[in-house]
Amino acid sequence: MIVIDHVAKQFVAPRARRSAWSLRRAPAAVVKAVQDLSFSAADGRITGLLGPNGAGKTTTLRMLAGLIAPDAGRLSVDGIDVVARPRETLARMGVLSDARGLYPRLTARENIVYYGLLQGLSRDAAHARADALAQMLEMRPLLERRTDGFSQGERMKTALARALVHDPPHIVLDEPTNGLDVLATRGLRDALRHLRTPEGGAKCIVFSTHIMSEVERLCDDVVVVSHGRSVASGTVAELLARTGESDFEEAFVKLAFAQERGVAA
Amino acid sequence: MTTPSASRAALTVFAKEIIDALRDRRTLAVVLVSSVLLAPLVLIALSGFIASFEARAEKREVYVAGLEHAPSLQNYFERQTYVVKPAPANFEAQLRSSAFGDPVLRVLPDFEAALLRGESPSVEVISDSANKQAESGVARLQRLLAGYSRERASLSLALRGVSSELLEPLQVEERDLASTQTRAAQITGMLPFFVIMAVLYGALNAALDTTAGERERGSLEPLLMNPSERVALVLGKWGAVASLSMAIAVLSCFSFLPAQWLLRSDTLQALFQFGLREAWLFLVLLMPFAAALSALLMAVAIRCKSFKEAQANSTVVILGVSLLPLVTVFNQSGESPWHLWVPALAQYTLMTRVLKGEAFSATQVAVPLCVCLLLTALGIALVARMMKTAAIK
């Protein structure tokens, strides 16, 4: 269970000099990345964070991973506060972040086992998990190859296996289908559906995306994010009913950009 | 949901970074050739150079232009067991182009006649100051000529019944106070410099790869999403970088031992006394330096977004390490106490002393050791502090 409660985060953009020779600097620009964002993701369900580019999805997930401290609000995993006890919450989460760099001189297995050891697994357990994940993600032939020269899909699978190596009850994915082809996307979707089921561990899965079809096909719950705020949440059917639309894309545009349209009208 | 202990996390990171660095074969090969093999190679080349000087000195040959005009000079040279040879026709051009490596004595046609008349004829010693080999023979030739003059003079005086001692009211004897090791240090003085650079290049690549490289690959952010303490991660990384640097230092120091057998000059071999004791002393001085340098390079590189940017920034460190030892060259007042407080300069100073066979006290080792430990701690703390902000930018 992941609960995010009214979080906010703003960044001060680096100030640029007014001109090359001027010592005076332009006033600091404040970027409000996240203003008031709340949602909760239940166990055994896939929760999609849907929003346009720059809506604050990545910032929110980085706060959840403890990389950035929120200015306001509270984030918790299984009731444990992220800010106060970040190491405990990290141990309960597998995070596939926006940056998913691998070590090119290590094999896929070594990349996965490295994270397993850092998560506190024994070497044997880490190797066993690497084998099990390779089976699930259909990447067995890749396991003993160095990751240098992997395709986008192969990299994604390795990074996902690395994030899941400690079999976490919570899985957080930041735009996981970026750069994946149709087959790889389908494979990922199947894997996530399996992880949601009781046999797969009834994981609490949160993933962010800006692709409508992804959400329609996969998500049990949807949180629409716009301008750093969570503007609507519910199942796909509920959101369609609320907006009175039959097309989910129309419904999303109505929900996400209601403010602008209101101003324009 | 266990979180690993800090020491276990540090060990995991350490092992991974060592494997990662050792698999970078090409970089490793370049470092090994440039920093481990270079110093012995320079030493061996130098010994060849000195050996050629020695061979020339042992040859006992004198080149004379106009030999036929000076039979008495030839007689004197031959009595001194020198072989007198006529100079080649175009010896001036050859001397200028360094094709000919001996100074030439030119005798004018009326030499013997002028000598008999007591007119002190002039002879020319011809060399080129840009031709190092010929220059080294000039003093020998001049000594030979002075010997001839003295013999002529004492013979003339003896004929007139004057004691030859009147001609030499002074007996000059030279005594060189330098020990054999001090003399050798003039030649081997650059070795500490090579070893310091070896330590630097041993650390450089790994330091940049584990910080800026990790940022560039986008693997730092996922790494920080593990429930390990940041300090443990940094300690593991630093340990790997410092170990690599120290390994290169060990290889570099011990490569002088076999290199010694290959020295072609007997004199240099006798002078260059680099045994196990010297190697160990070098390592004692270099280990803390390698630790500090690794932390410093990492602290510089963690601020950089890419490997390339980090390379540009680390130039400052490289420049500092390579220029600081030069203080001893430019500073004519000799060693100052503050030298020991400056990293690189302190190690250079103390290693030079080891080569000279001079003793140094425990305090003199303790000062640079403390400076290095402080730098290491500062570097590690800085990297740990910077890592989180660095990961997301």
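Reminder, nothing fancy here: chain letters follow the sequence lines and each chain counts from 1. Below, each value reflects all heavy atoms present in this structure, side chains not excepted, and no hydrogens, waters or symmetry copies.
Between chain A and the residues B:Pro222, B:Ala232, B:Gly213, the largest count of heavy-atom pairs under 4.5 Å involves B:Pro222. Interface remark: of the candidates B:Leu223, B:Leu233, B:Leu224, B:Leu223 forms the most heavy-atom pairs closer than 4.5 Å to chain A.
Rounding to the nearest 0.5 angstrom, the gap separating the CE atom in B:Met225 from the OH atom in A:Tyr115 is 9.0 Å.
With B:Asn313 contributing its side chain and B:Val300 its backbone, the two residues share no donor-acceptor pair below 3.5 Å. At distances below 3.5 Å, not a single donor-acceptor pair connects side-chain atoms of B:Ser219 with backbone N or O atoms of A:Leu102.
Residue A:Thr59: no heavy atom, backbone or side chain, is found under 4.5 Å from chain B. Contact of B:Glu229 with chain A is made through backbone and side chain together, with heavy-atom distances under 4.5 Å. Using a 4.5 Å cut-off between heavy atoms, B:Arg8 touches chain A through its side chain atoms alone.
Contact of the A:Ile171 side chain with the A:Leu195 side chain is registered, since non-hydrogen atoms from C-beta on lie closer than 4.5 Å.
In terms of heavy atoms, B:Ile248 sits closest to B:Gly202 at CG1-CA, 3.8 Å.
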